[in-house]
Amino acid sequence: MLTPPSLRVLALLLVAALGVVACADRPVADSPDAPSDEAAARGAPTSNVTSGCVDDPQAEADYFPDKVEFDEATGVDVAYSASYKTIEVTPPGDGDPIRYVLHQCGAPEPVLDDALADAQVIQVPVDDIVSLTTTNLPHLDELDAVDRLVGVGTAGFVTTESVRERIAAGEVDEFADAEGQPDLERLVAAAPGLLVVDGFGDTVADDVARYTDAGIATVINADFNEQTLLGRAEWLKFTALFLNAEAEATAVYDDIAERYADVTDRVQTADEQPTVFVNTPFEGTWFTPGGASFLADAIADAGGEYVFAEDDQTGGLQVDFETMLDAAADADVWIQAGSVTGSLDDLLAQDERFAQFQAFDDGAVWAYDLQVTEGGGNAVFETAYTRADLFLADLAKIFHPEAFEDHDFAFFGPVPAGG
């Protein structure tokens with residue numbers, strides 16, 4: 001909450017006007033990182049307003065002294081104005097960018113140009129959020145803002161512990177059925193300040209239109225489109241924009257990026273890079289990441305050599321069994337196969353040809369279901385998107401176990417031999 005200038009500030013201004021106080025080392029008035037004493041004296045905030053509205057609006061004030069920039073993420077950007085910020089999200093496919101105008105509650109109303117005529121205008125900071133996607137729930141946890149969450153889609157999919165606790169306590173409601181189909185009537189009745197939906201699928205635009213036509217401020221979280229782990233992690237800044245929590249988001253992300261860099265530095269000393277292949281076939285087709293995908297990038301950063309690294313596709317490849325066997329028969333590691341609660345014997349029961357892979361014969365088979373819920377949630381599709389450092393450290397320990405003895409697996413585990 002902003003307050004009128006104090007007598008002490010006014011006194012300082014009078015002294016400054018008389019030339020008694022030197023100004024040589026004072027921060028520049030329009031610096032985004034360090035608002036000037038003069039700006040503070042006019043009633044401008046010295047940090048973002050994270051709760052409530054401005055009660056003494058100033059026409060010239062910069063209401064977002066704490067700002068973020070997106071360095072790794074390519075599908076989202078933000079531009080700041082005095083009383084509002086404009087987010088631009090790149091949707092899947094070839095659609096036009098989606099723009100949101102986030103107006104500081106209580107600040108002077110923005111005058112929007114034609115480019116923003118159709119943009120949703122959302123008052124920030126938002127007090128209550130319903131998220132129909134789980135990938136941004138860890139954002140709220142990391143930003144210490146889980147108390148702003150009032151609803152999720154399907155509760156059984158949630159793996160973030162702080163959110164699960166609030167669900168169990170009745171403080172977070174469920175707004176979708178077991179298949180993930182949202183209940184529009186209940187959402188309208190709840191009237192959240194913000195509804196977050198996943199940007200995945202062909203019906204996203206129609207779904208968003210249904211919610212916005214019903215009067216619900218709705219935004220798309222499209223972190224899954226990023227081709228690097230850190231790019232996905234940086235979307236926590238997207239969530240922070242609606243909370244005015246830019247300072248907190250920058251600190252959290254910088255810590256994640258620093259730990260990520262530490263992992264990549266440690267694998268540089270490895271003598272060899274194990275060769276790696278991914279997934280298991282489904283109905284005769286082996287779906288595996290392209291060589292320019294986020295997982296291929298992560299394998300390289302963790303000190304592995306992906307068998308399709310030379311491929312230039314950012315999405316997935318579809319190959320037959322023989323093609324995969326030709327590429328990966330002698331590979332050292334097989335990841336995302338089977339289950340930590342199953343066995344190699346279970347895999348062999350699916351297809352006896354799996355025994356032709358050296359990694360299977362060596363028992364170097366790893367699954368990513370170490371953290372799952374009875375309702376079908378998996379932390380890989382939730383926490384791992386934010387905690388890129390933990391996901392990378394898991395891979396690095398698989399590839400170079402001797403260098404990461406101090407790391408406890410978060411998402412992956414070995415598939416036991418069975419028998």
Side-chain angles (χ1 to χ4, degrees), residues 72-75 92-93 200 223-233 260 263-264 267-268 270-339 344 347-348 350-369 378 380-381 384-385 388 390-401 404 411-415:
E72 289 287 335
T74 60
F200 185 78
D223 55 357
F224 69 92
N225 252 5
E226 301 293 338
Q227 300 308 316
T228 67
L229 285 176
L230 285 178
R232 295 187 173 198
Y260 190 100
V263 174
T264 61
V267 300
Q268 299 304 314
D271 294 331
E272 297 182 358
Q273 291 187 330
T275 49
V276 183
F277 69 111
V278 178
N279 289 346
T280 53
F282 176 74
E283 295 183 350
T285 300
W286 207 303
F287 296 88
T288 192
S293 66
F294 91 95
L295 187 55
D297 182 78
I299 289 171
D301 282 352
E305 182 180 338
Y306 183 42
V307 294
F308 292 109
E310 298 303 316
D311 174 77
D312 61 0
Q313 295 189 51
T314 58
L317 304 176
Q318 300 179 30
V319 302
D320 56 30
F321 195 102
E322 290 70 22
T323 300
M324 182 60 78
L325 187 61
D326 182 62
D330 298 326
D332 300 302
V333 178
W334 185 2
I335 64 172
Q336 297 186 199
S339 171
L344 296 181
L347 272 178
L348 204 59
Q350 296 178 30
D351 196 319
E352 292 183 353
R353 293 176 295 177
F354 289 156
Q356 299 178 50
F357 291 98
Q358 185 64 48
F360 182 93
D361 191 52
D362 293 341
V365 184
W366 296 80
Y368 60 78
D369 59 349
N378 189 321
V380 164
F381 308 119
Y385 271 24
L390 290 179
F391 188 87
L392 189 72
D394 270 17
L395 291 178
K397 183 165 184 172
I398 293 171
F399 305 156
H400 307 285
F404 289 87
F411 311 108
F412 286 87
V415 178

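If you're wondering where the values come from, they're calculated on a predicted model, not measured in any experiment.
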Between [X] and [Y]: side-chain donor-acceptor atoms closer than 3.5 Å:
X: Thr74; Y: Glu226; answer: yes
X: Asp326; Y: Thr323; answer: no
X: Asn279; Y: Thr288; answer: no
X: Asp369; Y: Ser339; answer: yes
X: Ser293; Y: Tyr306; answer: no

Hey, can you tell me if Trp334 and Phe277 have their rings parallel, tilted or perpendicular (30° and 60° cut-offs)?
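Taking Phe277 first and then Trp334, their aromatic rings lie parallel (interplane angle under 30°).
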Q. Between Phe412 and Tyr368, what is the ring plane arrangement, given parallel below 30°, perpendicular above 60°, and tilted in between?
A.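 The arrangement is perpendicular - the two ring planes meet at more than 60°.
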### Task
Report yes or no: is the cationic atom of Arg353 (NZ for Lys, CZ for Arg) under 6.0 Å from the centre of the six-membered ring of Phe321, at an angle within 45° of the ring normal?
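Pair Arg353/Phe321 counts as cation-pi.
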key: Rounded distance [0.5 Å steps], CD in Glu72 versus OH in Tyr260   =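 If we round to the nearest 0.5 Å, Glu72:CD and Tyr260:OH are 8.5 Å apart.
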Taking salt bridge (Lys or Arg N to Asp or Glu O under 4.0 Å) as the cut-off, I'd like each qualifying pair that reaches into residues 275-292, sequence neighbours left out, listed once.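 Salt bridge (Lys or Arg N to Asp or Glu O under 4.0 Å) check on residues 275-292 returns no pairs.
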For Glu310, does the CD atom sit with more than 12 other heavy atoms under 6.0 Å from it, leaving out its own atoms?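 Count not over threshold, so no.
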Subject >> Expected output: side-chain Gln227 to main-chain Asn225 donor-acceptor under 3.5 Å >> reply: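 Yes, Gln227 side chain to Asn225 backbone: donor-acceptor pair under 3.5 Å.
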